Protein chains: 2
Amino acid sequence: MSDPFRALADESRRLLLDRLFAENGQSLVKLCDGLAMSRQAVSKHLAILEAANLIAVRKSGREKRHYLNPVPLAKIVRRWIGKFEDVRLVALLDTEAKPPIKRPSAPSRRRRLPASVR
Amino acid sequence: MSDPFRALADESRRLLLDRLFAENGQSLVKLCDGLAMSRQAVSKHLAILEAANLIAVRKSGREKRHYLNPVPLAKIVRRWIGKFEDVRLVALLDTEAKPPIKRPSAPSRRRRLPASVR
DNA sequence: TTGACAGGCAACCTTATGATTGCCTAATCG
DNA sequence: CGATTAGGCAATCATAAGGTTGCCTGTCAA
């Protein structure tokens with residue numbers, strides 16, 4: 001799999017990216033440092049990030065150094081920025097156009113609680 | 001849960017956002033139109049998007065209209081754009097600073113393929 | 001008022017996904 | 001050399017996530 005969105009979905013992976021943003025080119029064990037996770041877990045996360053093309057790796061002796069790849073992030077970001085600008089306009093226009101429809105009547109607002117609420 | 005990253009991780013949800021980008025304020029059934037998914041599935045996806053604050057809903061009679069909320073997207077985007085700009089520099093500097101370590105020696109470059117490549 | 005329509009709730013199922021453990025290979029250093 | 005260190009691979013496990021089905025509530029229009 002290689003979906004950058006999916007790769008970004010996990011907090012641990014975002015944290016790993018954060019660490020690489022702080023210091024690029026770190027090895028696996030260094031990236032593990034201080035994390036409450038096994039080395040294998042981190043390794044898998046890095047593999048997913050690599051598959052999503054968010055990081056690149058280079059072997060250096062027995063170490064594997066990890067480097068950020070800004071390109072796909074930039075792609076995502078540009079795509080959603082475009083959307084964002086568009087929708088900001090749309091949302092604005094839409095809100096203005098609509099006569100708020102402020103609740104046709106206000107009688108049966110209360111609904112039985114779904115038993116799983118708190 | 002309300003993690004916008006996780007909300008964006010699913011292709012179906014991104015598609016729903018696309019549809020709302022194309023036409024804001026659509027109802028549930030309208031959003032279902034043409035999708036190979038049950039109404040309940042779509043409903044769940046919309047709930048996740050709403051929990052992540054990526055869309056807002058307004059009841060209008062028996063319909064529920066869905067509106068994009070650009071703010072959290074913008075937040076994400078800004079955060080990662082900042083990172084992106086930073087890392088572009090870092091990556092550049094890093095590449096230049098390193099005397100590429102071009103393979104300490106060039107013998108064992110070929111590695112057995114991991115069976116899952118392609 | 002009755003039936004069609006929009007939507008919600010809950011139970012259930014299947015498969016991803018995140019994580020662990022145990023063992024193996026390959027560099028590095030004393 | 002032998003011990004240590006960096007990392008990989010495979011099996012295994014528990015839970016989350018996406019999806020479905022069945023049934024219920026509320027709104028609208030003829």
Side-chain angles (χ1 to χ4, degrees), chain A residues 1-16 25-33 35-52 55 57-66 101 103-117, chain B residues 1-16 25-33 35-52 55 57-66 101 103-117:
Chain A
M1 188 178 307
S2 60
D3 184 343
F5 284 98
R6 269 203 142 77
L8 285 176
D10 186 84
E11 177 60 36
S12 301
R13 287 194 285 273
R14 296 197 294 268
L15 193 144
L16 287 171
Q26 293 182 71
S27 71
L28 173 57
V29 281
K30 191 160 187 191
L31 284 170
C32 286
D33 196 64
L35 292 185
M37 220 186 321
S38 67
R39 178 176 52 83
Q40 280 73 9
V42 175
S43 180
K44 281 193 191 177
H45 282 308
L46 290 172
I48 289 173
L49 289 172
E50 189 188 352
I55 63 177
V57 298
R58 191 192 346 171
K59 284 203 68 175
S60 169
R62 64 176 164 180
E63 291 191 340
K64 192 178 183 181
R65 333 243 348 215
H66 300 78
I101 307 189
R103 287 180 275 149
S105 64
S108 56
R109 281 288 101 182
R110 296 246 52 77
R111 296 183 56 75
R112 135 183 65 97
L113 287 185
S116 66
V117 172
Chain B
M1 185 177 309
S2 60
D3 182 346
F5 285 96
R6 266 202 145 75
L8 285 176
D10 187 84
E11 177 60 36
S12 300
R13 288 194 286 272
R14 296 198 295 267
L15 194 145
L16 286 171
Q26 293 182 70
S27 72
L28 172 57
V29 281
K30 190 159 188 193
L31 284 170
C32 287
D33 196 64
L35 293 185
M37 218 185 321
S38 68
R39 178 176 53 82
Q40 280 72 8
V42 175
S43 180
K44 282 192 189 177
H45 282 308
L46 290 172
I48 289 173
L49 289 172
E50 189 187 354
I55 63 177
V57 298
R58 189 188 352 168
K59 284 202 67 176
S60 168
R62 64 178 162 176
E63 292 191 340
K64 191 178 185 183
R65 333 241 349 216
H66 300 78
I101 306 186
R103 290 176 272 149
S105 62
S108 57
R109 278 288 100 183
R110 296 245 53 77
R111 296 183 56 76
R112 134 182 65 97
L113 287 183
S116 65
V117 172

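Everything numeric in this text was worked out from a predicted model, so none of it was measured. Labels below follow one simple rule: chain letters A, B, ... track the order of the sequence lines, proteins then strands, and each chain is numbered from 1.
- Between the CZ atom of A:R62 and the C1' atom of C:dC29 there is a distance of 8 Å, rounded to whole Å.
- Taking atom CD1 of residue A:I48 and atom P of nucleotide C:dA19, one finds them 9 Å apart after rounding to whole Å.
- Atom CG of A:L49 is separated from atom C1' of C:dT17 by 14 Å (rounded to the nearest Å).
- The side chain of B:R6 lies closest to D:dA17, out of D:dT20, D:dA17, C:dC5.
- Distance CZ (A:R58) to P (D:dA6): 19 Å, rounded to an integer number of Å.
- The side chain of A:H45 lies closest to C:dA19, out of C:dA19, D:dG19, C:dA6.
- B:R13 contributes no side-chain N or O that forms a donor-acceptor pair with the base of D:dG18 under 3.5 Å.
- Atom CG of A:L46 and atom P of C:dA19 are 12 Å apart (whole Å).
- Position along DNA chain C of the nearest nucleotide to A:R39 versus A:S12 favours A:S12 as the more 5'-ward residue.
- Following rounding to the nearest Å, A:D10 (CG) and D:dA17 (P) show an atom-to-atom distance of 10 Å.
- One N or O donor and one acceptor, one from the side chain of B:Q40 and one from the base of C:dG8, sit under 3.5 Å apart.
- Side-chain nitrogen and oxygen atoms of A:S43 include at least one within less than 4.0 Å of the OP1 or OP2 phosphate oxygen of D:dG8.
- In this structure A:S38 satisfies the side chain to side chain donor-acceptor pair (under 3.5 Å) test with no other residue, sequence neighbours excluded.
- A salt bridge links A:R14 with B:D3: the distance from a Lys NZ or Arg NE/NH1/NH2 to an Asp or Glu carboxylate oxygen falls below 4.0 Å.
- Whole-Å rounding puts the A:E63 CD to C:dT25 C1' distance at 17 Å.
- Tested against A:V42, the residues A:L16, A:D33, A:V29 include a single side chain to side chain contact (heavy atoms under 4.5 Å, CB included) partner, A:L16.
- Looking at B:K44, its side chain has no donor and acceptor atom pair within 3.5 Å of the base of D:dA17.
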List the steps and the verdict of side chain to side chain contact (heavy atoms under 4.5 Å, CB included) for A:R13 and A:L46.
CA-CA 7 Å; A:R13 287 194 285 273; A:L46 290 172; over 6 Å; no
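- A:S43 pairs by the side chain to side chain contact (heavy atoms under 4.5 Å, CB included) definition with A:L28, not counting sequence neighbours.
- Put simply, B:S27 has no side-chain N or O that comes within less than 4.0 Å of OP1 or OP2 on C:dA6.
- At the phosphate of C:dG8, OP1 or OP2 sits under 4.0 Å from a side-chain N or O atom of B:K64.
- Distance, B:D33 CG to C:dC5 C1': 15 Å, rounded to whole Å.
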